[in-house]
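Sharing a structure here in structure tokens format.
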Amino acid sequence: MRMSTWIRQHVAALRCLLVMTVILGIGYPAAVFAVAQLPGLHSRAEGSLITVNGKVVGSKLIGQAFTDGKGNALNQYFQTRPTNAVPAADPKTGVSPIPDGYDPASSTFGNMGPESIVDTITSADPKDPDATKNPKNVKITQALLSTVCSRSQAVGTLEGVDGSRPFCTSGGVGAVLAVMGPRDSHGNVQNPTQVISVNEPCPTTPKPFMTFYKGIAVQCATVGADYSKGQIVPIRGNASVDTPVPVDAVTASASGLDPDISPAYANIQIPRVAKARKVSEDKIRAVVAEHTQGRALGFMGEPRVNVLELNLDLDKMFPYTKAS
């Protein structure tokens with residue numbers, strides 16, 4: 001008796017399922033596993049882990065913080081670039097389990113672009129909506145510009161270089177005004193009636209970074225106020241565009257887990273690390289040069305320095321002794 005067309009189709013489908021299960025479910029994973037065991041590939045397949053005295057201290061593919069756990073840089077170590085990979089805070093304690101970031105499970109990007117220049121200023125206490133009773137209630141969510149400004153100022157202070165940047169105030173926030181008044185046909189306010197420094201809230205700012213703008217006194221921002229009706233005007237200031245603090249020192253990578261820094265960022269850290277380890281800057285500079293990699297294939301990417309590998313070599317060559 002011949003099997004019906006329906007039965008033949010289902011038997012063929014079952015055979016196909018079994019064959020593909022063997023090929024893709026068993027054969028392909030086994031082949032990938034076998035290739036991963038080849039010399040030169042095994043370490044990468046295991047995550048490019050780095051061990052010291054038999055203990056895993058990190059991966060050369062994943063960045064990590066060299067701080068004291070409170071966000072303060074350890075002077076004997078080169079610092080890596082900022083990260084957005086910070087896990088959410090514990091709802092009970094309000095503290096992130098990895099406050100310094102570099103959590104592989106929280107890899108993310110900042111999602112802010114060049115137009116992100118106005119901070120969000122609110123009150124953390126509903127009973128004090130304008131935060132005039134207690135300035136500590138002022139809650140500021142920084143835009144990209146203020147984030148860059150504050151980071152640059154912090155790096156400049158740490159490394160003993162000028163951390164000022166164009167469009168940043170001396171207080172380390174974006175130098176941005178909201179100019180109120182009638183607009184011309186091009187959308188510009190020619191005769192302002194009110195000018196507000198939108199990133200400097202009144203309870204916490206002694207005075208705005210500018211005294212006058214087009215003859216109008218500049219005011220600090222009011223907590224919770226909406227200045228979107230005004231013309232947003234960034235002020236360039238006098239800082240040079242040739243800042244010694246490079247871009248990778250103030251911005252996170254797309255993954256938030258970048259293990260490398262630019263040679264420029266490494267170079268401004270050499271004096272601090274040399275002083276902490278009590279050796280000459282030339283010796284530290286030589287180690288940095290050994291760990292500086294060029295562009296891939298000579299044209300892809302940028303020169304880079306792996307921070308973890310650099311710091312581990314420094315620990316071997318110039319052990320740090322804490323001052324008494």
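These numbers come from a predicted model, not from an experiment. All residue numbers in this chain count up from 1 along the given sequence. Only heavy atoms go into these numbers, but all of them, side chains included; no hydrogens, no water, no symmetry mates.
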### Pair listing, disulfide bond (SG atoms under 2.5 Å apart) test, anchored in residues 150-212, at least two apart
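Found C149-C168, C202-C220.
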
### Task
Would you mind reporting whether E309 and K60 have side-chain heavy atoms less than 4.5 Å apart?
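Contact flag for K60/E309 side chains = yes.
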
### Task
Could you check if a side-chain atom of I216 sits within less than 4.5 angstrom of a side-chain atom of T193, using non-hydrogen atoms only?
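The answer is no, as the side chains (C-beta and beyond) never meet within the 4.5 Å cut-off.
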
### Query
Taking S146 for the side chain and G174 for the main chain, is one N or O donor matched with an acceptor at less than 3.5 Å?
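Yes; judged by distance alone, with no hydrogens or angles, the pair exists.
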
### Close side-chain approach of H291 and N306, heavy atoms under 4.5 Å
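Side-chain contact under 4.5 Å: no.
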
### Query
Between K133 and D128, is the closest basic N to carboxylate O distance under 4.0 Å?
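Between K133 and D128 there is no salt bridge, as every charged N stays at least 4.0 Å from the carboxylate O atoms.
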
### Query
Heavy-atom distance under 4.5 Å between the side chains of I284 and V279, does that happen here?
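Yes, side chains in contact.
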
### Verify same cluster id: L145, V155 (apolar side-chain graph, 4.5 Å)
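L145 does not cluster with V155.
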
### Task
Using a 4.5 Å cut-off on heavy atoms from C-beta on, say whether the side chain of D125 contacts that of N134.
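They are not in contact (no side-chain heavy atoms under 4.5 Å apart), so the answer is no.
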
### Task
Under the ring pair (Phe, Tyr, Trp, His ring centres under 6.0 Å) rule, collect the residues that match up with F318, sequence neighbours excluded.
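Applying ring pair (Phe, Tyr, Trp, His ring centres under 6.0 Å) to F318 gives none.
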
#### Entry: Chi angles and distances behind the side-chain contact (heavy atoms from CB on, under 4.5 Å) call for E200, V173
CA-CA 8 Å; E200 296 181 305; V173 298; 4.1 Å; yes

### Query
Taking it one step at a time, do V218 and L177 satisfy side-chain contact (heavy atoms from CB on, under 4.5 Å)?
CA-CA 8 Å; V218 178; L177 302 177; 3.9 Å; yes

### Task
Cation-pi check, R277 to Y77: give yes when NZ or CZ is under 6.0 Å from the six-membered ring centre and within 45° of the ring axis, no otherwise.
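The answer is yes, since R277 meets both limits relative to Y77.
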
### Message
Please say yes or no: joined through hydrophobic side-chain contacts below 4.5 Å, possibly via intermediate residues, are V247 and I261 part of one cluster?
### Response
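Not linked; separate clusters.
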
### Task
Step by step, work out the side-chain contact (heavy atoms from CB on, under 4.5 Å) result for N75 and L158.
CA-CA 9 Å; N75 286 329; L158 177 65; 3.8 Å; yes

### Task
Would you sort out whether S170 and F209 count as a side-chain contact (heavy atoms from CB on, under 4.5 Å), showing the intermediate values?
CA-CA 7 Å; S170 60; F209 72 97; 5.8 Å; no

### Minimum side-chain heavy-atom gap P246-I268 below 4.5 Å
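Yes, at least one pair of side-chain atoms sits under 4.5 Å.
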
### Stepwise side chain to side chain donor-acceptor pair (under 3.5 Å) test for Q142 and D119
CA-CA 5 Å; Q142 288 189 326; D119 298 346; 5.0 Å; no

### Task
Please indicate whether R15 has more than 12 foreign heavy atoms, meaning atoms of other residues, nucleotides or ligands, lying under 6.0 Å from its CZ.
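Atom CZ in R15 is not packed in, count stays at 12 or less.
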
#### Entry: Side chain to side chain, V148 and T251, heavy atoms closer than 4.5 Å
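Yes, side chains in contact.
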
### Query
V288 versus L310: any side-chain heavy-atom pair under 4.5 Å?
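Result yes, sub-4.5 Å side-chain heavy-atom pair found.
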
### Task
Scan residues 204-225 for pairs that pass side-chain hydrogen bond (donor to acceptor under 3.5 Å, both in side chains), counting only residues two or more places apart or in two chains.
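side-chain hydrogen bond (donor to acceptor under 3.5 Å, both in side chains) check on residues 204-225 returns Q194-Q219.
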
#### Entry: Backbone N/O of G163 and side chain of S152: donor-acceptor pair under 3.5 Å
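Here the side-chain-to-backbone pair exists.
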
### Task
Spell out, as yes or no, whether a donor-acceptor pair under 3.5 Å connects the side chain of N267 to the backbone of P263.
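Yes, the answer is positive, given that a donor and an acceptor are paired below the 3.5 Å cut-off.
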
